Amino acid sequence: MRLDRYISNASDYSRARIKHLVRQGLVLINGTVADSPARAVAEGDQISVAGAAIHTPRPRYLMLHKPPGVVSATKDSEHPTALDLLDEPRPEQLQIAGRLDLDTTGLLLITDDGQWNHRITSPRSHCRKTYRVEVAEALPDALVTKFHDGLWLEGEKRRCLPADLEITGTHSALLTISEGKYHQVKRMFAAVGNHVTALHRLQVGQIALDPDLAPGEYRSLTQQEIDSVTFHE
Ligand code: URA
């Protein structure tokens, strides 16, 4: 990786500032003054700027309990974004691994590891996601089979993959799906003449929303949670 990119990823220095510091001879690679911001650096190289060591930042893996009214995006002109709820350096490097609608609450995963994100969100990974759903009309038992057989959603060329519906009350259910079409859960219930009135994501793959997190709170994932995300094709 180029020296200037390495330092800007690992610190708050801009590329322009790094160029300037290199020209002043204040950037060292393994104790030797760097002669160009374009110089290649390798893993294990010791980099310092103005006497302070620069460490490669560890990738971040976060779970946020998303409250309603917060957009699953990095920028929005109208509403607060999920990133606005975080107190993290270099927020521009963070990505949302699987969005939720504005009114949906629950587990939102956020990372700066693009490959890990891909393993969750790639349609080929069939990552399972569990939602708690409340609906306007009573839920007949026959829906369990319908969801399992694969619903047809309006505007789609293929049936949905089999989904697990567990009816927990006259108007409430747990639904596990292994794909992530646009507004999928709301469209699935619309396809059977119902209407979702509340939607809350409980789990993504093996990662469950921590019950200790109040809406708006977040924490880092444990190593076990991070490692649980593997690619299933
Ligand atoms: N399905 C939806 O319809 N909305 C969400 O936010 C998530 C899944």
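When a ligand or atom number is given, it counts from 1 through the structure's own listing order. Model, not experiment: these values are computed from the prediction.
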- Query: Would you say L100 and ligand 1 have an N/O pair spaced under 3.5 Å apart?
  - Reply: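 N/O-N/O distance under 3.5 Å: no.
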- Message: If you measure every N or O of D101 against every N or O of ligand 1, does any of those distances drop under 3.5 Å?
- Response: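 For ligand 1, there is an N or O atom that lies under 3.5 Å from one belonging to D101.
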- Item | Element-labelled atoms of ligand 1 that are located less than 4.0 Å from some non-hydrogen atom of H183 |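 By the 4.0 Å cutoff, the relevant atoms are 1 (N), 2 (C), 3 (O).
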- With a cut-off of 4.0 Å, which atoms of ligand 1 are near a heavy atom of Q184?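 Answer for ligand 1: 1 (N), 2 (C), 3 (O).
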Strictly distance-based, threshold 3.5 Å: is any side-chain N or O of [X] a donor or acceptor partner for the main-chain N or O of [Y]?
| X | Y | result |
| --- | --- | --- |
| E179 | L161 | yes |
| S178 | C127 | no |
| K66 | D101 | yes |

- Decide whether the shortest distance between a heavy atom of Y131 and an atom of ligand 1 is less than 4.0 Å.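 It does, in that a heavy atom of Y131 comes within the 4.0 Å cut-off of ligand 1.
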- Query: For atom 1 (N) of ligand 1, what's the nearest protein heavy atom and its distance?
  - Reply: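 For atom 1 (N) of ligand 1, the nearest protein heavy atom is V185 N, 3.1 Å.
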- Query: So, E88 and Y218: side-chain donor and acceptor under 3.5 Å apart, yes or no?
  - Reply: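 E88 vs Y218: donor-acceptor pair found between side chains.
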- Can you tell which part of T104 has a heavy atom less than 4.0 Å from ligand 1: side chain, backbone, both or neither?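 T104 to ligand 1: side-chain contact only, backbone stays beyond 4.0 Å.
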- Does V196 approach ligand 1 within less than 4.0 angstrom via side chain, backbone, both or neither, non-hydrogen atoms only?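 For V196, there is no contact with ligand 1 at all, from either part.
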- Are V196 and Y182 grouped together when hydrophobic residues (ILVMFWY) are joined by side-chain heavy atoms under 4.5 angstrom apart?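 No, because V196 and Y182 fall into different hydrophobic clusters, even though each may have its own neighbours under 4.5 Å.
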- Query: In terms of hydrophobic clustering (I, L, V, M, F, W, Y; side-chain heavy atoms under 4.5 Å; direct or indirect links), are L94 and I207 co-clustered?
  - Reply: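 No, separate clusters.
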